[in-house]
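Along the sequence shown, the residues carry numbers beginning at 1. Every number for a ligand or one of its atoms is a count from 1 in the order of the listing.
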Amino acid sequence: MFENKDTFKATFLDRLVSMHGKEVQETTPSDQYQTLGCMVREFISSSWVNTTDFYEENESKQVYYLSMEFLLGKQLKNNLLSLGVYSICKEGLMELGIDMEQLEGKEPDAGLGNGGLGRLAADFMDSLASLNMPGHGCGIRYKYGLFEQKIMDGYQIEVPDYWLKEGNVWEIRKSDQAFEVRFGGEVHMREANGDLFFEHINYEPVIAVPYDMPMVGYHNETVNTLRLWSAESIMKDFELSELSNHNYHKIVEYKRRTEEISEFLYPDDSTEEGRVLRLKQQYFLVSASLQSIVSRYKKVHQDLKEFSNKIAIHTNDTHPVLAIPELMRILMDEEGFSWKDAWEITSNTISYTNHTILSEALETWPIELFRTLLPRIYMIVEEINERFCRDLWKKFPSNWDKISDLAIIADNQIRMAHLAVVGSHYVNGVSKLHSNILKNQLMKDFASIMPNKFTNKTNGISHRRWLLVANSCLAGTITEAIGSSWINNPTALQNLTNFSNDRGFQEDIAKVKAYNKQNLANWIYKDSGVVVDPSSIFDVHIKRMHAYKRQLLNVFHIIDLYRRIKADPNLVITPRTFIFGGKAAPSYHLAKDIVKLINTVADIVNQDKTIRDQIKVVFIKNYGVSDAERIIPATDVSEQISTASKEASGTGNMKFMMNGALTIGTHDGANIEIAEAAGFENLFLFGLKPEEVLRYYAEGNYIVREVYNQDPRLIYILDQFINGPLSKEKADFKSIYYSLLNHDEYFVLKDFSSYVETQNKVAHAYVNQEEWLKKSIINIANSGYFSSDRTIKEYGEEIWKIKPMR
Ligand code: 26V
């Protein structure tokens with residue numbers, strides 16, 4: 001159906017009418033999207049089946065990437081390009097009077113993630129398939145993705161994101177491959193012939209039904225699987241009536257309790273109910289995935305003893321770490337393995353990535369809650385803990401402090417990161433700096449007793465999605481200069497170095513950027529009514545709203561710049577458009593105040609005619625993957641200004657680099673490796689070093705008031721929050737004021753001076769376009785290392801021990 005334009009057009013029209021039961025001219029862009037999507041999925045299906053068969057026939061080792069988040073965004077354009085049929089479709093549709101971009105816009109973003117961790121999982125799926133590696137994802141098919149962010153009077157309002165409203169053309173429901181997951185109840189233990197047997201009774205069953213989505217490799221006919229589980233109640237009437245004793249209300253309650261497991265991503269965990277639901281989600285994902293993996297394994301292989309030679313299971317952060325006790329349970333209770341053998345298999349199968357050192361994000365569960373919900377799993381975790389503590393006792397006799405520091409269960413809590421480290425054969429951080437902090441600080445004692453477990457895998461991004469698809473103009477310009485080999489081998493972008501001084505090429509790059517900026521300016525006007533000047537510097541800060549990411553520092557610079565322009569009517573600066581986007585967690589009040597602050601500053605600045613449009617501030621509402629794809633190609637300056645040591649890696653930083661933006665950033669996460677790759681002279685690094693931040697924390701000797709009192713600019717800015725125009729807002733900016741002056745946990749005031757100085761250097765540098773473009777080209781040329789293909793090859797070779805298959 002995609003052989004050529006004519007067959008495509010004929011099939012498309014035929015399907016359009018038969019699917020929607022309307023005349024062609026009555027169909028909507030949404031109908032047309034559905035039709036094209038279904039055609040593509042059908043087209044993929046034989047390669048999909050073949051890939052699965054091929055892996056099975058070859059008994060190749062497979063990796064399963066378990067993640068509570070997959071931030072997929074849209075699939076259509078990626079899939080069409082990967083299949084090599086994008087042009088045929090685009091031109092064919094054009095001849096039918098249908099605009100491809102409008103049709104692409106009808107696909108809902110699959111927003112099944114919060115930020116970097118979820119997008120990383122999606123880019124990893126892309127690389128696994130494109131590298132012909134047998135790797136699949138396991139996640140949850142949330143009915144509602146991350147909330148839709150509306151802005152009302154400058155405030156963030158959260159609205160459910162019902163992304164499945166019109167169905168999902170990419171998924172296939174496989175009800176014949178459903179599994180039962182059990183919650184609550186009691187465990188009975190009995191002994192027979194010297195062996196212990198465990199029976200789980202009076203539990204509440206939930207049915208996990210898989211929905212499979214194809215993960216299409218680039219031009220290679222490999223199609224891997226992303227399996228998303230949906231929670232359903234038991235369907236058979238007799239079982240239902242058994243369960244509820246013919247009580248209608250109980251059936252309804254039971255249905256509600258089960259179905260809510262896959263309803264929302266990140267339910268509100270500020271309440272006990274929310275926390276229980278989150279733990280239920282985690283076990284639901286893990287239990288369904290492991291049952292499915294083991295059952296598939298048994299179809300292909302004889303002996304479960306070989307499990308860890310044929311299967312690798314990766315846990316994306318601690319969220320799926322119950323995979324460890326769940327695999328133990330299956331191997332012991334269902335397959336009859338001894339503890340020792342089950343442990344050997346389990347710990348050789350599982351590996352774990354840590355994505356944050358922020359203490360509030362390191363998961364722990366109260367014992368009571370955990371034991372009530374997962375009684376058998378709790379017993380296994382308890383046993384893992386006891387055996388581990390016994391080993392510790394041998395290493396550190398009588399050192400109770402050390403043992404309780406390292407224990408999995410302590411202070412009435414189960415520490416998921418400790419369980420992850422003990423039960424995995426590899427633990428990795430996501431940038432050199434982050435991995436070093438894990439090894440030398442956060443998990444120092446673990447690393448000293450298990451030195452070979454800890455490793456680094458610097459994150460990466462899909463250069464296909466973030467360059468080839470998101471910025472086709474730049475991709476085309478690059479290919480004209482150096483050929484297309486970079487698409488399969490992104491380090492070939494290095495060849496662009498030869499063009500960094502080439503005036504003609506610099507001009508081409510400048511034209512692409514100008515074109516993307518104009519497009520973004522048009523879109524911003526449509527979206528928010530703000531007119532922005534495409535010749536101004538587009539300075540972009542897009543990521544989750546969080547104190548450590550320091551959107552506040554950026555706002556401080558804007559307020560200072562605004563004051564300078566107001567104070568001197570003759571001051572001429574390099575015009576700048578500050579663009580923000582990001583969601584604040586619904587119960588994170590400070591982050592929500594920052595959203596309001598940005599919108600308030602935007603209103604004041606954008607309406608002030610006296611500053612002659614020299615600065616503009618835009619807050620993009622409901623920022624998501626598709627927005628990133630539009631904004632990043634149009635960016636001049638990439639804001640990566642987290643407090644040093646706090647951003648594990650960052651991946652936005654890599655996307656901007658690859659699209660030719662210059663970074664203003666701290667010595668944090670992957671920024672450092674980006675600087676090492678591109679040359680420190682081609683970025684703008686500033687601020688405290690990670691070791692300085694860590695020393696201040698350890699010694700507790702950062703005195704905010706000292707910094708504040710010595711800098712009149714800071715006194716002026718902070719005064720705005722309580723006395724100036726900002727204080728007139730109904731919003732409570734006082735909380736920001738006090739959080740900074742009392743504590744300033746993230747060193748906003750401390751880094752302010754260095755940040756402003758560096759921003760002035762940025763403004764100055766932008767004026768010399770020739771130098772700027774040279775730096776931009778050198779950034780692009782050195783971005784190939786940050787392709788997730790490199791990252792996935794490293795995971796494949798060093799952790800999972802899997803190989804490309806074709
Ligand atoms: C999550 C939350 C959720 C509730 C509010 C507080 C809070 C604080 C931190 C987190 C982080 C969860 C883990 C995470 O998303 N880490 C990100 O992982 C990316 C991929 O490795 C990495 O690039 C980012 O630096 C890291 O923040």
K.L.:
Measure across Thr356 and Leu358 and return the closest heavy-atom pair with its distance rounded to 0.1 Å.
P.N.:
OG1-N, 3.1 Å
K.L.:
Are Phe446 and His418 an aromatic pair, judged by ring center distance below 6.0 Å?
P.N.:
yes
K.L.:
Less than 4.5 Å apart, side chain to side chain, heavy atoms only: is that true for His463 and Phe786?
P.N.:
no
K.L.:
Checking a contact table here: which protein heavy atom is nearest atom 4 (C) of ligand 1, and how many Å away?
P.N.:
Tyr266 CE2, 4.3 Å
K.L.:
Mind checking whether Asn459 has an N or O less than 3.5 Å away from an N or O of ligand 1?
P.N.:
yes
K.L.:
Show the atoms of ligand 1 that are less than 4.0 angstrom away from any heavy atom in Tyr548.
P.N.:
27 (O)
K.L.:
Using a 4.0 Å cutoff against the non-hydrogen atoms of Glu647, which atoms of ligand 1 qualify?
P.N.:
24 (C), 25 (O), 26 (C), 27 (O)
K.L.:
For atom 22 (C) of ligand 1, state whether the nearest protein heavy atom is under 4.0 Å away.
P.N.:
yes
K.L.:
Under 4.0 Å from any heavy atom of Gly650, which atoms of ligand 1 are there?
P.N.:
22 (C), 23 (O), 24 (C), 25 (O)
K.L.:
Using a 4.0 Å cut-off to any heavy atom of Ala648, which atoms of ligand 1 qualify?
P.N.:
25 (O)
K.L.:
Which residue holds the protein heavy atom closest to atom 2 (C) of ligand 1, what is that atom called, and what is the gap in Å?
P.N.:
Arg544 NH1, 4.0 Å
K.L.:
Suppose I only count heavy atoms of Ala361 and a 4.0 Å limit; which atoms of ligand 1 are within that range?
P.N.:
8 (C), 9 (C), 10 (C)
K.L.:
Between Arg275 and Glu272 (salt bridge meaning N to carboxylate O under 4.0 Å), is one present in this structure?
P.N.:
yes
K.L.:
Can you tell me which residue among Arg119, Arg465, Arg464 is in a salt bridge (Lys or Arg N to Asp or Glu O under 4.0 Å) with Asp126?
P.N.:
Arg464
K.L.:
What's the shortest distance from atom 16 (N) of ligand 1 to any protein heavy atom, and which residue and atom give it?
P.N.:
His355 O, 3.0 Å
K.L.:
Hey, would you say the Phe124 and Phe70 ring centroids sit under 6.0 Å apart?
P.N.:
no
K.L.:
Quick check on side chain to side chain donor-acceptor pair (under 3.5 Å): which of His541, Gln551, Lys543, Gln759 does Glu639 satisfy it with?
P.N.:
Gln759
K.L.:
Where is the nearest protein heavy atom to atom 12 (C) of ligand 1: which residue, which atom, and how far?
P.N.:
Thr356 CG2, 4.3 Å
K.L.:
For Lys793, is there an ion pair with Asp789 - N to carboxylate O distance below 4.0 angstrom?
P.N.:
no
K.L.:
May I ask you to identify the nearest protein heavy atom to atom 5 (C) of ligand 1, giving residue, atom name and distance to one decimal place in Å?
P.N.:
Ala585 CB, 4.6 Å
K.L.:
For His546, is the nearest heavy atom under 4.0 Å from an atom of ligand 1?
P.N.:
yes
K.L.:
Which one of Asp123, Asn114, Leu117 has a non-hydrogen atom at the shortest distance from atom 15 (O) of ligand 1?
P.N.:
Leu117
K.L.:
For Thr651 and Leu120, which heavy atoms make the closest approach, and how far apart are they?
P.N.:
CG2-CD1, 4.2 Å
